[in-house]
Amino acid sequence: MSDRIPGDYFEKLPDRIWQRIEGLSEHPEHMAPLLSRIDKASLYGLPEGYFNELEKNTVKGAGKGTKVFTPVWRLALAATVVLMIGFLCHISLQENRDNRKLAENDILEYYIAHTDQLDTESLTLLEPELNDLEPGYFEGLDDAELEYYLSTIIDEVSIPELLEIDNI
Amino acid sequence: MNAEQDTEILALLAEEKSFEKGFRQLVKAYQEPLYWHIRRMVHLHDDADDVIQNTFVKVFKHIGAFKGESKLYTWLYRIASNEAISFLNRKKKHYGYSPEEAMTALENSLKADRYFNGDEAQLLLAKAIETLPDRQKLVFTLRYYDELNYEDMAEMLDLSAGSLKASYHHAVKKVENYLKKNLDHVR
C-alpha cells in the first residue's frame, strides 16, 4: 500500500467534502422508490371541528396561564381529588378515634390517680344508678377495682359530663 | 407562512390593548401547521393535542422575548419541536420500553387510534420514521412533510444547512432500508 498522498490533501479535504454535501440532491426521497410510492397525505385524522375548539381553548387557557385540560386530564384530576378527600376523611376519623381514646385514657387515669377526691356527689354524676347504691359503696375499693368500675361506665358517659366533674 | 401576516401579528402583540387580538390571530394562523408537525412526531391525536396546547401556552408566556431576529414561524416551530421531543422523552422514561417494545406499542396505539386513517404502508412508514433518533426524526418530518427549506431549518435548529442536508439524506436512506426490509410482509 502506498503511503503517498498529495501534499495538500488534508487542507483541501474539508472543502471537497462540503462540496459533495452541497451537491446532494434537494429531494433524495425521489431516489427512494419505496418511500416515494407511499402517500404522504391523510395518514392521520382528527375530530371534526377540532381547530375551532383548539383556538378557543388555547386562547382561554393561555390567558389563565394554565394548560387547558383535556378530557383525559380532567378524569385524572377528578380521580385524584376523590382519592385525596377519601384519604383526608380517613385520617380525620382516625385522629378522632385516637383523640377520644386518648381522652378516655387520660380521664380514667386522672380518676384513678384522684380517687380520694371522688365523693358521692361526683360519682352520682358519673352513673345514675349510683343513687341506688348503698352509701359507702366505693369505700374500701382498691385502685384496680375502681379502675375496672370506671372503665365499665366510661363509654356511657359523655366527655363534657366527665370534664364537668373536674370543675365541681 | 406569510411575512406580511407575521408583521401584522407582531405589531398587534407589541401593544397591550391589542395583545389578545394578536395572539388569537397567531393561533389561528399557525395552529394547523404546528399541529400536523407535532402529530407526525408523536403520532396520536390526544398526545398531539396536549403538546400543541403546551406549545401555545409557552408562546404566550415568551412572545415578549421574541426579538424578530428569526422568522416568527421558525421560532414557533422550534418551540413546538422542543415540546414534542420533551414529550417523547418523558413518555419513553415513563414506560421504560425497549426499542422493540416501543415499536410494538406504537403500532398497537396507531391501530387503536380512532383518528388514524393510514393504510398498512403508511403505518410502516410511521414505524420507519420512529426508528430514527429524535433529532433526525425532526429533520425528516420538517423536510419530507412540511417541505421546509434548509435555510429555515438551519435557523430553527441552530445547525448549518449543509449538515441538515446530510442528516436528511441519511434519514431517507434509513427509512427506505426499513421499508425494503418490511414491506414484503405487508404485501
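Values in this document were obtained by computation on a predicted structure and should not be read as measured data. In what follows, chains are A, B, ... by sequence order, proteins preceding strands, each numbered from 1.
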Please round to the nearest 0.5 Å and tell me the distance separating atom CZ of R24(B) and atom OG1 of T58(A).
10.0 Å
Chain A contact via F19(B) - side chain, backbone, both or neither, heavy atoms under 4.5 Å:
neither
Report the distance from atom CG of L46(A) to atom CH2 of W36(B), rounding to the nearest 0.5 Å.
4.5 Å
Heavy-atom cut-off 4.5 Å, strictly under: side chain, backbone, both or neither for R143(B) against chain A?
side chain
If you draw a 6.0 Å radius around CD in E20(B), do more than 12 non-hydrogen atoms from other residues or ligands fall strictly inside?
no
Can you classify the ring geometry of Y35(B) versus Y50(A) as parallel (below 30°), tilted (30 to 60°) or perpendicular (above 60°)?
tilted
Has the side chain of Q31(B) got a donor or acceptor atom that lies under 3.5 Å from a matching backbone atom of F51(A)?
yes
Just verifying a value: how many Å separate L125(B) CG and R37(A) CZ, rounded to the nearest 0.5 Å?
13.0 Å
Is the backbone N or O of G45(A) less than 3.5 Å from a side-chain atom of R39(B), with the two atoms forming a donor-acceptor pair by type?
yes
Shared hydrophobic cluster, L88(A) / L83(A) (ILVMFWY, side-chain heavy atoms < 4.5 Å):
no
Take I38(A) and L179(B) through the test side chain to side chain contact (heavy atoms under 4.5 Å, CB included) and record every step on the way to the result.
CA-CA 10 Å; I38(A) 296 175; L179(B) 293 174; 3.8 Å; yes
Heavy-atom distance under 4.5 Å to chain A: side chain of I52(B), backbone, both or neither?
side chain
Would a single hydrophobic cluster contain both L12(B) and W75(B), if residues Ile, Leu, Val, Met, Phe, Trp and Tyr are joined by side-chain heavy-atom contacts under 4.5 Å?
no
Just so I know, are the side chains of D49(B) and L54(A) near enough to count as touching, which here means a heavy-atom distance under 4.5 Å?
yes
Under 4.5 Å, heavy atom to heavy atom: which of residues 166-178 of chain B reach chain A? Give them by number, or say none.
A166(B), Y168(B), H169(B), V172(B), V175(B), E176(B)
